[in-house]
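Order of listing sets the numbers, starting from 1, for every ligand and every atom in it. On a predicted model such as this, the values are computed, not experimentally measured, just so you know.
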Amino acid sequence: MAGQNQNIDQLSINTIRTLSIDAVQQANSGHPGTPLAMAPVAYTLWQRFLRFDPDDPIWTNRDRFVLSAGHASMLLYSLLHLTGVKAVNPQYEKLGELSVTMDSIKHFRQLDSKAPGHPEYRWTSGVETTTGPLGQGVATSVGMAIAGKWMATHFNRPDFTMFDYNVYALCGDGDMMEGISSEAASLAGHLKLPNLCWIYDNNHITIEGHTELAFSEDVATRFMAYGWNVTRVGDANDLEMLERAFKVFLNTNDRPTLIIVDSHIAYGAPNKQDTSAAHGEPLGEEEVRLTKRSYGWPEDAKFLVPDGVRENFAQGIGARGRAASQAWMKKFEDYKAKYPDLADHIYKMQHRELPAGWDKGLPIFPADPKGIASRDSSAKVLNVIAQNVPWLVGGAADLAPSTKTRLTFDGAGDFNATNYGGRNFHFGIREHAMCAIVNGMSLSKLRPFGSTFLIFSDYAKGAIRLSAIMEIPVILIFTHDSIGLGEDGPTHQPIEQLPALRAIPGLITVRPADANEVAEGWRVIMQLRHEPVALVLTRQALPTLDRTKYASAAGIAKGGYVLADAPNGKPEVLLMASGSEVSLCVGAYEQLKKEGINARVISMASWELFELQSEEYRQNVIPPDVRARVSVEQASTFGWERFTGIDGVRLGMKTFGASAPLKELLKKFGFTVDNVVAAAKQQLGVVRQ
Ligand SMILES: Cc1ncc(C[n+]2csc(CCOP(=O)(O)OP(=O)(O)O)c2C)c(N)n1
Ligand SMILES: [Mg+2]
């Protein structure tokens, strides 16, 4: 029987290892090497340090563990299973059953298993964030650490430490090579986040072979330069040295800690250890047998959990986690009595609810032909809502003066190493890390926003699509949304970015046409609980439409709505646009009206919200029998066919833009009332023939 001559630590570690390789072997797919090597590291952390209650994996003040090396997912599933982590449903209800059952492990990487190829937040309880694209996990962990510090500053009171959790991320060579980890580590060091610990699996192996092929920098020196505390463990199997390293982290109160652990990928596999072959393919039946033999494990046993292993975890992380979470719950009762408002806010945040009066004082903008840029109207609205919602926080990647996302009211303050309660964040020129960090902040239940120019959404795409996969309500504010930005020219003028964002499943794009659509758009955005948003705004002024003459901006809640209609309600031609081009359509509508042509203007601010509406509503807005259709948008026309039909006209950008004043660009690229009128007439001609 396994374990007769192994102490319980070793037995538990080898259980993690053998479960992992058995699952990979059964799936005939996956990554066995790193779970074998890192099992002692993860074990030491979970069993001896992590304050995490397996019965309550969403306990607010739990320590977070992020497996940034997402390919080593079986390491995490083995831990979730053996520690008995319970499932929680999307309504935050604890279900009593295991998050990862043995059956899930036996069905690793199979349809509907709670043990998918890479760890997926929302799908498997206990997974703190979705990882797999290397670098995302570590960058996201910085957002979790930031949120921990912000919440501690905002909510803790003398005698009431409601927030003091730590964030641990396990990463590998791939994470270290990805640029996003450098962005994130640089900011974490600058912010001196003492609650953040990265563990670097320094195994010198990636897919193509030895890291000598492409990676020779001195990681320790690099992190010291970032201002991190760096410590080393020379042998991943040395539990006492690992314990010492975690204590160093816990005793370091003025900066983040990097623990560099030297390890051997596929430790114990006689023919695969230290080779890249152990990274991405199953060991093979024979090698699995030999590996088990090297551990003193029964060679033919599969998915074996020896007696005493579950009990060991229950006595370690289980007992410590439960005691900590129950003490917290008890303290929270007293806190509630003493600070009912703060306690109410903690509860609401955790459930992604809004505080009472969150939309109080939302501005209404009077009609104004000169108008206001949507970035400016958004600034006004954001600053009202942020005063009502204390945990609405965020910032920009060094562009706040341009994106107008600064919170300017009294007491908003700046988040920095000497003020973890500030609400304005300076992410620096690090768009990709910014979006991963806001993901981490959102996963910790702040309501974060990040902003930059729309063009640079490309730099952040890897993190943005994870917001959507995870279904978390981050708010991304993208300004300078078209050639309308003018002189900065083609490098700064977005063309394909809007369609690219619209192509991300689950991401809601909102491109308001005027100031009142901005205000109503924010009203919709704030109420989203599981959808990320890209709010797309202009640099240039947009006329504020006269809403006594045209339909109410509240229509934006439905994504697309009839803004101006044919007097008899029977349009001959549909003019559709989003954002800055809506007023162009209104101009064309007025001109067509004078000529006796019945047009309808549709503001299509959010394709995704529009598509959520009933078929009846959508057909009321876009009547199927009205075939004369024109779309206008200062972007690639890609995708507008869905609204215009293939026989409609799509006015848009077929090339990159140019550097010139806005007026000249509009003429050069054809965004004029005359062109919209001509397109409408051409459409009517085509249909009438
Ligand atoms: C952004 C990104 N690029 C590429 C990959 C594909 N990939 C998965 S694992 C891996 C190698 C990772 O090496 P390392 O981090 O050292 O992990 P180890 O093999 O040591 O476990 C690569 C290239 C990925 N998952 N994410
Ligand atoms: Mg490696």
Side-chain angles (χ1 to χ4, degrees), residues 16-17 20-21 23-24 29-42 66-78 109 116-120 127 129-141 169-185 198-220 222-223 232-233 235-236 258-269 272-283 431-433 435-436 439 458-467 469:
I16 296 170
R17 286 173 163 152
S20 300
I21 55 176
V24 171
S29 165
H31 304 258
T34 302
L36 292 183
M38 284 290 109
V41 179
V66 171
L67 183 66
S68 197
H71 56 276
S73 55
M74 262 319 301
L75 175 65
L76 182 53
Y77 301 143
S78 298
R109 293 186 157 234
H118 294 87
E120 291 179 36
V127 171
T129 182
T130 295
T131 52
L134 296 168
Q136 292 294 334
V138 280
T140 303
S141 75
L170 179 58
C171 62
D173 300 302
D175 293 284
M176 286 299 177
M177 290 188 214
E178 289 291 350
I180 188 173
S181 71
S182 303
E183 296 179 17
W198 289 4
I199 305 143
Y200 168 36
D201 173 16
N202 181 36
N203 65 8
H204 296 290
I205 294 290
T206 62
I207 289 181
E208 292 183 2
H210 197 280
T211 47
E212 270 170 5
L213 290 169
F215 194 53
S216 42
E217 73 204 29
D218 182 341
V219 173
R222 169 180 149 198
F223 274 72
R232 299 194 89 110
V233 174
D235 174 3
L258 176 71
I259 304 175
I260 302 177
V261 180
D262 297 337
S263 86
H264 297 280
I265 194 166
Y267 175 81
K272 296 249 175 134
Q273 181 176 316
D274 294 322
T275 70
S276 57
H279 165 92
E281 61 192 34
L283 295 178
E431 294 82 8
H432 198 184
C435 286
N439 283 346
D458 284 346
Y459 269 44
K461 202 61 71 50
I464 298 172
R465 82 187 290 278
L466 284 187
S467 323
I469 290 181

What I'd like to find out is whether the side chain of [X] reaches to under 4.5 Å of the side chain of [Y], using heavy atoms alone.
| X | Y | result |
| --- | --- | --- |
| Leu75 | Leu170 | yes |
| Pro133 | Glu178 | no |
| Arg17 | Met38 | no |

**Request:** Step by step, work out the side-chain hydrogen bond (donor to acceptor under 3.5 Å, both in side chains) result for Ser73 and Arg109.
**Result:** CA-CA 10 Å; Ser73 55; Arg109 293 186 157 234; 5.3 Å; no
Within the side chain of [X], is there an N or O that forms a donor-acceptor pair under 3.5 Å with the backbone of [Y]?
| X | Y | result |
| --- | --- | --- |
| Tyr200 | Asp175 | no |
| Lys272 | Leu283 | yes |
| Glu431 | Tyr459 | no |
| Ser68 | Cys171 | no |

**Prompt:** Between His71 and His279, how do the two ring planes meet: parallel, tilted or perpendicular, split at 30° and 60°?
**Reply:**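 Rings of His71 and His279: tilted, 30 to 60°.
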Below the 3.5 angstrom mark, is there an N/O of [X], backbone or side chain, next to an N/O of ligand 1?
| X | answer |
| --- | --- |
| Asp175 | no |
| Gly132 | yes |
| Asp201 | no |
| Thr34 | yes |
| Pro133 | no |

List every atom of ligand 1 that sits less than 4.0 Å from any heavy atom of [X], numbering the atoms from 1 in the order shown and giving each element.
| X | result |
| --- | --- |
| Gly172 | 15 (O) |
| Thr206 | 13 (O), 16 (O) |
| Asp173 | 14 (P), 15 (O), 16 (O) |

Residue [X], metal the Mg ion (ligand 2), N/O/S under 2.8 Å:
| X | answer |
| --- | --- |
| Asn203 | yes |
| Ile205 | yes |
| Asp173 | yes |

**Request:** Give a yes or no on whether Tyr267 atom OH has more than 12 heavy-atom contacts from other residues, nucleotides or ligands under 6.0 Å away.
**Result:**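 Counting neighbours around OH of Tyr267, 12 or fewer heavy atoms of other residues, nucleotides or ligands fall under 6.0 Å, so no.
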**Prompt:** Are Ser467 and Asn439 linked by a side-chain donor-acceptor pair shorter than 3.5 Å?
**Reply:**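 Yes.
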Which residue and heavy atom of the protein sit nearest [atom], plus the separation:
| atom | result |
| --- | --- |
| atom 26 (N) of ligand 1 | Leu134 N, 3.0 Å |
| atom 15 (O) of ligand 1 | Gly174 N, 2.7 Å |
| atom 1 (C) of ligand 1 | Glu178 OE2, 3.2 Å |

**Gap between atom CE of Met74 and atom OG1 of Thr34 - 0.5 Å precision** =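 Thr34 atom OG1 to Met74 atom CE measures 13.5 Å (nearest 0.5 Å).
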**Prompt:** Taking non-hydrogen atoms only, is Met176 closer than 4.0 angstrom to ligand 1 via side chain, backbone, both or neither?
**Reply:**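 Within the 4.0 Å criterion, Met176 makes no contact with ligand 1.
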**Item:** Side chain, backbone, both or neither: Asn203 near ligand 1, heavy atoms under 4.0 Å
**Value:**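 Under 4.0 Å from ligand 1, Asn203 contributes side-chain atoms alone.
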**Asked** If you measure from atom 11 (C) of ligand 1 to every heavy atom of His71, His279, Glu208, which option wins on shortest distance?
**Response**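 Going through His71, His279, Glu208 one by one, His279 has the nearest heavy atom to atom 11 (C) of ligand 1.
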**Message:** Using heavy-atom distances only, which candidate in Ile207, Ile265, Leu75 approaches atom 23 (C) of ligand 1 most closely?
**Reply:**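 Ranked by closest heavy atom to atom 23 (C) of ligand 1, first place is Ile207.
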**Request:** Output yes when a protein non-hydrogen atom is found under 4.0 Å of atom 4 (C) of ligand 1, and no otherwise.
**Result:**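 Neighbour list for atom 4 (C) of ligand 1 is empty of protein heavy atoms (cut-off 4.0 Å).
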